[in-house]
Every structure is written in C-alpha cells, then in structure tokens.
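Inspection log for the structure reproduced underneath, given as structure tokens.
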Amino acid sequence: MDTRIVLEIDEDLRKRLSLRASAHGRTLEEEAKAILQAEPELPDDDPSLPTGTRIVRLFSGSGTGFREGELEELRGDPAPAARSGE
C-alpha cells in the first residue's frame, strides 16, 4: 500500500532539505523518508534504554573505563548472592 503525506513547509525549510538531499545523493522525498526512518538519538537517561546502556553512557568519559559494549545487559537473572567475610 502506498501512502503519501503532503506537508506544507516553508521555502527555507524546503531549501535546507533539498541541500541535505543533494549532499546525500537523494531526492527530496528519499531524504525526508530517511529522516523519518532514522533512529532518534535518545538522551543518556532515557528510561527506555537498557540499564547497562544507561550506566555506560552515564560513566563514559569519567575515567572508569566503561565503553559502549563493555557491560552486558542481564535480564531476568537474579542478582548473585552477596558473600560474607571471606
């Protein structure tokens, strides 16, 4: 099914979109579609992000050594039992 939405946009926005489309070698329609399909950059504290990702983003650049992909997200596993005085 082909659905098209026509939006009235001001000339300045149309020119900027056209320049961006040209820079990417796309048509105006292809550029608009790419923008709409792009995954948005979520803020570091967005609750929809996995906990591990939020922790890595929170501490990145702090000198702790965490980098994207270094922590594995654990889901549904119980926390390990604490060990006392070994």
Side-chain angles (χ1 to χ4, degrees):
M1 177 169 83
D2 186 25
T3 304
R4 295 175 191 255
I5 299 173
V6 178
L7 302 174
E8 291 183 27
I9 58 176
D10 63 50
E11 192 58 33
D12 181 56
L13 180 57
R14 182 180 297 278
K15 285 179 185 176
R16 290 185 5 235
L17 185 59
S18 181
L19 287 172
R20 181 175 166 154
S22 294
H24 293 126
R26 300 178 184 144
T27 66
L28 198 65
E29 181 179 318
E30 289 169 338
E31 187 65 22
K33 186 176 179 181
I35 291 169
L36 292 171
Q37 289 176 334
E39 193 167 319
E41 182 63 34
L42 298 173
D44 292 346
D45 61 349
D46 189 294
S48 69
L49 289 172
T51 303
T53 301
R54 291 195 334 253
I55 292 169
V56 168
R57 287 182 174 190
L58 178 67
F59 290 102
S60 66
S62 68
T64 60
F66 292 136
R67 290 185 292 269
E68 194 72 39
E70 282 188 331
L71 295 179
E72 182 179 334
E73 180 75 16
L74 302 175
R75 297 172 190 225
D77 294 336
R83 295 183 181 174
S84 61
E86 285 188 44

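The analysis underlying the following values was restricted to heavy atoms, covering all of them including side chains, and did not include hydrogens, waters or symmetry mates.
Taking CG of L28 as the start and NZ of K15 as the end, the distance is 13.5 Å to the nearest 0.5 Å.
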- Message: I'd like to know whether L17 forms a side chain to side chain contact (heavy atoms under 4.5 Å, CB included) with R14, so could you lay out the CA-CA distance, the side-chain angles of the two residues, the decisive distance to 0.1 Å, and finally the verdict.
- Response: CA-CA 5 Å; L17 185 59; R14 182 180 297 278; 5.8 Å; no
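L19 shares a hydrophobic cluster with no other residue; no ILVMFWY side chain has heavy atoms under 4.5 Å from its own.
The side-chain hydrogen bond (donor to acceptor under 3.5 Å, both in side chains) check on R20 picks up E31, with sequence neighbours excluded.
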